[in-house]
Amino acid sequence: MTSDEASRAAGLVREARSLFVLTGAGVSAESGVPTFRGDGGLWKEHRPEDLATPGAFRRDPRLVWEWYGWRRTRVARAAPNPGHRALARLALLRPGVTLVTQNVDALHEEALHEEALHEEAHREVAERGEVPDELRPIHLHGSLFRTRCTGCARGSSHSEAVDASSEASLPRCHACGELLRPDVVWFGESLPPAVLERSFEAAGRAEVALVVGTSAAVQPAASLPLATLEAGGDLIEVNPDPTPLSGRASVRLRGPAGTVLPDLVERVLEGR
Ligand code: NAD
Ligand code: ZN
């Protein structure tokens, strides 16, 4: 990344009235949460593509819950990194930012909460342990800390430890008694229509799409920045490696999110 590119990116972000931010597993990599496609994406020789599916859960819900239990523990141990914190500052300090994430961790929320404690305008909400509503990230693929009933589809917050030692000890729905599953979107499943609609609407309205740490291999998430481009906006990509979106980017910031984003956000806020 040259400082030329960084200042061009900062200029675009500063001038945009509306900014669409899309993040992927790469933004959490420096917090110690492995990406699916990088090193450490395997668990006990299983590939995520073989576990994060409705078929895998039907065949062996115990195994799938064991994997999610492991992922929850890893994520619960992780803390937001400077990349999450920079995005949180940007969202708190300038209007018009919509943050959409493919991640199922809660590191964006944690960063927003921590940064909000330092900002007069948001401190009151943060002291109640909450994130300002309008800044809450949209989770395209759900959350590790929610469950959904396989019977009645009821969703709820759930962060208690799951005993995956046998199928009989897996969590069940209080209302109908059926098995609970992680409330995440699995391979082969569609995204909740309302979530998708809000995301496409924000992407289409934005003058700049800032795309961070995603391989742009998973649809429809990878198409969201195209909505910004089609409406005449610019794309800025933050990723150490090229992706299928790189060719469409006005600026490519090649480096880890934890280094690139604090620099970018500092430049944006300095020039206000
Ligand atoms: P991915 O694993 O396909 O790609 C990760 C991308 O991040 C790659 O392009 C890589 O070059 C880039 N990257 C790696 N380190 C980076 C860094 N330090 N800074 C910036 N970029 C970095 O991830 P994806 O595109 O998000 O798609 C994978 C799917 O897996 C998503 O649907 C997501 O729900 C799920 N997933 C989520 C988490 C999480 O919640 N933290 C972790 C793994 C996978
Ligand atoms: Zn139920």
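In each ligand, atom 1 is the first atom listed, and ligand 1 is the first ligand listed.
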Asker: Does the distance from a Lys or Arg side-chain N to an Asp or Glu carboxylate O, for D4 and R8, drop under 4.0 Å?
Answerer: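 R8 and D4: not salt-bridged.
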
Asker: Distance under 4.0 Å to a non-hydrogen atom of P240: what atoms of ligand 1 satisfy this?
Answerer: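 Matching atoms, with element in brackets: 13 (N), 16 (C), 20 (C), 21 (N), 22 (C).
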
Asker: With respect to L51, which candidate in E66, H46, R71 satisfies the side-chain contact (heavy atoms from CB on, under 4.5 Å) definition?
Answerer: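 The side-chain contact (heavy atoms from CB on, under 4.5 Å) with L51 is passed solely by H46 among E66, H46, R71.
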
Asker: If you have a sec, work out which protein heavy atom is nearest atom 15 (N) of ligand 1 and how many Å separate them, to one decimal?
Answerer: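 It is A29 CB, 3.9 Å.
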
Asker: Are any of the N/O atoms in Q102 less than 3.5 Å from those in ligand 1?
Answerer: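 Yes, since at least one N or O of Q102 sits under 3.5 Å from an N or O of ligand 1.
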
Asker: Among all protein heavy atoms, pick the one closest to atom 41 (N) of ligand 1 and tell me residue, atom and distance.
Answerer: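 Ranked first by proximity to atom 41 (N) of ligand 1 is D105 OD2, 2.8 Å.
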
Asker: Is there a path of hydrophobic side-chain contacts, each under 4.5 Å between heavy atoms, that joins L19 and V260?
Answerer: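 Yes, same cluster.
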
Asker: Taking only heavy atoms of P34, which atoms of ligand 1 are found under 4.0 Å from at least one of them?
Answerer: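 It comes down to these atoms of ligand 1: 42 (C), 43 (C).
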
Asker: Run the numbers for me: atoms of ligand 1, each under 4.0 Å from some heavy atom of D241, listed by number.
Answerer: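 Numbered from 1, ligand 1 contributes 11 (O).
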
Asker: Closest non-hydrogen protein atom to atom 28 (C) of ligand 1, residue and atom name please, with distance?
Answerer: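 For atom 28 (C) of ligand 1, the nearest protein heavy atom comes out as R37 NH1, 3.4 Å.
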
Asker: Evaluating non-hydrogen atoms only, which member of F187, W186, F36 is closest to atom 44 (C) of ligand 1?
Answerer: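 Result: the heavy atom closest to atom 44 (C) of ligand 1 is in F36.
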
Asker: Quick one: closest heavy-atom pair of T53 and E49, and the distance?
Answerer: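 Taking T53 first and E49 second, the nearest heavy atoms are CG2-O, 3.1 Å.
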
Asker: Could you walk me through whether F20 and L210 pass the side chain to side chain contact (heavy atoms under 4.5 Å, CB included) check?
Answerer: CA-CA 6 Å; F20 172 75; L210 176 64; over 6 Å; no

Asker: Check ligand 1 against P256 and write out every atom of the ligand that is under 4.0 Å from a heavy-atom position of the residue.
Answerer: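 Matching atoms, with element in brackets: 17 (C), 18 (N), 19 (N).
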
Asker: Would you check the N or O atoms of V104, main chain and side chain alike, for any that come under 3.5 Å of an N or O of ligand 1?
Answerer: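 V104 vs ligand 1: N/O contact under 3.5 Å present.
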
Asker: By number and element, which atoms of ligand 1 are closer than 4.0 Å to a non-hydrogen atom of S28?
Answerer: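 Counting from 1, the qualifying ligand atoms are 41 (N).
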
Asker: Looking at A257, which atoms of ligand 1 are within less than 4.0 Å of one of its heavy atoms?
Answerer: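 Within the 4.0 Å cut-off of A257, ligand 1 contributes 17 (C), 18 (N), 19 (N), 20 (C).
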
Asker: Closer than 4.0 Å to some heavy atom of E30 - which atoms of ligand 1 meet that?
Answerer: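 Result: 17 (C), 18 (N), 19 (N).
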
Asker: For atom 17 (C) of ligand 1, what's the nearest protein heavy atom and its distance?
Answerer: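 So the nearest neighbour among protein heavy atoms is G26 O, 3.3 Å.
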
Asker: Please report which non-hydrogen protein atom sits nearest to atom 23 (O) of ligand 1, along with the residue it belongs to and the distance in Å to one decimal place.
Answerer: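 So the nearest neighbour among protein heavy atoms is A25 CB, 3.4 Å.
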
Asker: Which of the numbered atoms in ligand 1 are under 4.0 angstrom from any heavy atom belonging to G24?
Answerer: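 So the answer, numbered in order with elements, is 26 (O).
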
Asker: Can you establish whether the number of heavy atoms outside R17 located under 6.0 Å from its atom CZ is more than 12?
Answerer: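 Result for CZ/R17: open.
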
Asker: Under a 4.0 Å N-O cut-off, is there an ion pair linking R123 with E120?
Answerer: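 Looking at R123 and E120, the cut-off is met.
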
Asker: Closer than 2.8 Å to the Zn ion (ligand 2), how many protein N/O/S atoms do you count?
Answerer: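 Protein heteroatoms (N, O, S) closer than 2.8 Å to the Zn ion (ligand 2) number 4.
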
Asker: Is it the case that more than 12 heavy atoms not belonging to R198 sit under 6.0 Å from its CZ atom?
Answerer: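 Not more than 12 within 6.0 Å, no.
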
Asker: Distance-only check: which donor-acceptor pairs under 3.5 Å involve side-chain atoms of residues 79-92, not counting sequence neighbours?
Answerer:
unit_1, atom_1, unit_2, atom_2, d
N81, OD1, G83, N, 2.6
N81, OD1, H84, N, 3.4
N81, ND2, V27, O, 2.8
N81, ND2, S31, OG, 3.0
N81, ND2, H84, ND1, 3.4
H84, ND1, N81, N, 3.1
H84, NE2, S28, OG, 3.2
R85, NH1, P80, O, 3.2

Asker: For the residue pair R267 and A10, what are the closest heavy atoms and their distance?
Answerer: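 In this case the closest contact between R267 and A10 is CB-CB, 3.5 Å.
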
Asker: Step by step, work out the side chain to side chain contact (heavy atoms under 4.5 Å, CB included) result for K44 and W70.
Answerer: CA-CA 11 Å; K44 294 188 176 177; W70 173 79; over 6 Å; no

Asker: Could you tell me the residue and atom name of the protein heavy atom closest to atom 25 (O) of ligand 1, and the distance to it rounded to 0.1 Å?
Answerer: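 For this ligand atom, the closest protein heavy atom is T214 OG1, 2.7 Å.
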
Asker: State, without any angle test, whether R254 and S246 hold a side-chain donor-acceptor pair at a distance under 3.5 Å.
Answerer: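 Side-chain D/A pair, R254 to S246: present.
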
Asker: May I ask you to say whether R252 pairs ionically with E5, meaning some side-chain N is under 4.0 Å from a carboxylate O?
Answerer: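 A salt bridge is absent here (no side-chain N lies under 4.0 Å from a carboxylate O).
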
Asker: Taking atom CD of E197 as the centre, does the number of heavy atoms from other residues, nucleotides or ligands within less than 6.0 Å exceed 12?
Answerer: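 Not more than 12 within 6.0 Å, no.
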
Asker: List the atom of L117, the atom of A126, and the distance in Å for their closest heavy-atom pair.
Answerer: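 Distance-wise, the nearest heavy atoms are CD2-CB, 3.6 Å.
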
Asker: Considering heavy atoms of the protein only, find what lies nearest to atom 12 (C) of ligand 1 and give residue, atom and distance to 0.1 Å.
Answerer: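 Ranking protein heavy atoms by distance from atom 12 (C) of ligand 1, first comes N239 OD1, 3.4 Å.
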
Asker: Can you tell me which residue and heavy atom of the protein come closest to atom 6 (C) of ligand 1, and the distance to 0.1 Å?
Answerer: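 Residue, atom and distance for the closest contact: G213 O, 3.4 Å.
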
